[in-house]
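Structure, as structure tokens:
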Amino acid sequence: MNSNEIDLNISGEAKAMLREVKTFSMEVLRPAGIELDRLHAPEEVIARNSVLWEVFRKFRAMDLHLLQMPKSVGGLAEELDPMTTLCLSEQLGYADVGLTVSMAVAGMPFRYAALFPAPELQQLARDYAADQEGGMIGCWAITEPDHGSDWSLGGADPTCGPSVTAVLKGDVYVINGEKAAWVSNGTIATHAMLHVGLEPDKGMDGQGLAIIPLDLPGISRGKPLDKMGQRSLNQGAIVFQDVCIPKAYMAVPFPAMMKVAAGQGLANVNGGMAVIFAGLAKAAFDEAYQYARQRIQGGVPILEHKNIKLKLFEMFTQVEAARANARRMFLYNAANPMAPAVAHAVAAKCLSTETATRVASDAMQIFGGNGLARDYPIEKMFRDARAGMIEDGVNETLALKAMEFL
Ligand SMILES: Cc1cc2nc3c(=O)[nH]c(=O)nc-3n(C[C@H](O)[C@H](O)[C@H](O)COP(=O)(O)OP(=O)(O)OC[C@H]3O[C@@H](n4cnc5c(N)ncnc54)[C@H](O)[C@@H]3O)c2cc1C
């Protein structure tokens, strides 16, 4: 039985869509990810002639950016059953996690904008849904040079509050401070979902959330980040100097509201990561399995050697456990958006990213020397997977936070 299909319960129409996305992901996303990964300088990833822009255009042309946008603003969220959304996301992660994260984060400010009644935010969400060219690109700006895990853990210590602050002056908020070089899409984003300190005496618990365009006076960017894994994902700092935003852009102006929604936010982000990285884990296993069938040593394909066979079965077991766990959590949370299983989502993110890293490492061993060579896909998968254990929160600090939701 094909392990891809074991719990697949979707309509014929959804299966056709999945086939289309599979073609796109393996013929466009995977090769683009490899091409971008091999570029020497991160500036080249976002150069005018970069294949990155073709990926954005094709992703939008296929309406994949609408998957999580509500119908009220022109999206498809209500039309797809959660199993279909999940399979599409897993397939994209299978092809290239860096680009999948880039595409997903690109929609984040607009997806959240759609949740708020302010006409300015509703319009922003509608404009994004209608954007077929990839001109509107979002980012999620939370990490700061001095505050990484502090954001994951929260707390009311006034000496440990956000460095980026927003102060209400008349009809506008004035924003100052710097977001770290880790912001995904940081140097190419046109809009940000921006976490700011509103009440300094409450530390991290004094935060609010703004959704803003990034072409306002006083905003500048850092240079694209050079890093080990997910090199296809652009990242960079964003600096705010006396940036004035209208009140309507402060989507969550009260820290108490943020606290109530914190669990939903954690469940949402970690849930998506869990599914994407389960896809990467499966990709690494598939590469190792195919290689073991072809590579001859000792006069037979190495798959015939018991040590390789047992290792592959162990990898298969881990991959299927991570996929099944991610699916169970994702489907539950899709059915319970107002009271999602937060600890389960974090557990699934940790399990999927750790499984992807372990399986990619084992795959490297099965590839022998070729596992280290850039001509083969495994070393990139390993680097991409490893980044996942830090991405959107270090797994250990996420786990500490998740314990509050058990
Ligand atoms: C690929 C990738 C994509 C990312 N995308 C984004 C993005 O889109 N937007 C964004 O804002 N950020 C993004 N990040 C940043 C990411 O969220 C942070 O790197 C992460 O939260 C950790 O922060 P830090 O790097 O400052 O590590 P630190 O917080 O300095 O942590 C260093 C170590 O100390 C430990 N530690 C820290 N504090 C505590 C504590 N109180 N108790 C116990 N242990 C502790 C941590 O577990 C970790 O092992 C991304 C990161 C990566 C790798």
Side-chain angles (χ1 to χ4, degrees), residues 33 36-37 42 45 93 96-109 111-112 137-157 159-164 177-189 191-197 203-205 207 209-212 214 221-222 224-240 265-266 268-270 272-273 276-277 280 346 349-350 352-354 356-357 380-404:
L36 296 171
D37 179 69
V45 170
D96 191 274
V97 278
L99 285 172
T100 301
V101 169
S102 183
M103 299 300 119
V105 171
M108 219 165 155
R111 183 149 54 91
Y112 277 82
I137 297 175
C139 69
W140 177 33
I142 176 165
T143 308
E144 297 166 347
D146 292 339
H147 299 293
S149 302
D150 291 343
W151 284 100
S152 302
L153 292 165
D157 178 357
T159 64
C160 177
S163 310
V164 174
E178 178 175 346
K179 290 294 179 185
W182 289 104
V183 175
S184 298
N185 294 340
T187 79
I188 57 173
H191 293 77
M193 185 163 97
L194 176 70
H195 291 246
V196 293
M204 285 294 165
D205 290 353
Q207 64 174 291
L209 187 74
I211 297 175
I212 61 166
L214 289 173
R221 318 291 177 106
L225 181 72
D226 198 3
K227 61 187 189 294
M228 179 186 105
Q230 296 183 36
R231 290 175 62 80
S232 55
L233 169 66
N234 164 263
Q235 291 182 287
I238 308 177
V239 182
F240 301 87
L266 266 175
N268 205 299
V269 171
N270 285 280
M273 292 283 284
I276 291 170
F277 280 84
L280 172 56
V346 172
K349 186 263 181 177
C350 294
S352 286
T353 53
E354 283 157 27
T357 304
K380 172 180 181 295
M381 288 182 176
F382 175 76
R383 288 185 283 111
D384 288 352
R386 186 62 185 84
M389 289 168 60
I390 298 169
E391 192 166 6
D392 292 354
V394 176
N395 283 3
E396 290 83 351
T397 42
L398 284 174
L400 289 174
K401 186 68 185 173
M403 287 301 285
E404 294 173 19

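Both counts, for ligands and for their atoms, begin at 1 and track the order of listing.
- Less than 4.0 angstrom separates atom 47 (O) of ligand 1 from at least one non-hydrogen atom of the protein.
- Of the protein's heavy atoms, at least one falls inside 4.0 Å of atom 26 (O) of ligand 1.
- The closest non-hydrogen atom to atom 7 (C) of ligand 1, taken over Gly148, Ala104, Cys160, Ser184, comes from Ser184.
- Heavy-atom proximity to atom 15 (C) of ligand 1, evaluated over Thr143, Val101, Asp392, is greatest for Thr143.
- A salt bridge links Lys380 to Asp96: one of the charged nitrogens lies within less than 4.0 Å of a carboxylate oxygen.
- Annotation: side chain of Ile137 is not in contact with side chain of His191 (no heavy-atom distance under 4.5 Å).
- For the 3.5 Å distance criterion, the side chains of Gln230 and Gln235 fail to qualify, holding no donor opposite an acceptor.
- Polar contact with ligand 1: present for Ser149 (N/O pair, distance under 3.5 Å).
- Side chains of Asn185 and Ser102: a donor-acceptor N/O pair is present below 3.5 angstrom, by distance only.
- Between the side chains of Asn395 and Thr353, a donor-acceptor pair is found at a separation under 3.5 Å.
- By the definition of a contact as any protein heavy atom under 4.0 Å away, atom 34 (O) of ligand 1 is not in contact.
- Of all the listed residues (Leu153, Leu225, Val394), Leu153 holds the heavy atom that lies closest to atom 41 (N) of ligand 1.
- Residue Trp182 has at least one nitrogen or oxygen atom sitting less than 3.5 Å from a nitrogen or oxygen atom of ligand 1, judged on distance alone.
- In this structure, Val105 does not count as a contact residue of ligand 1, since none of its heavy atoms falls inside 4.0 Å of the ligand.
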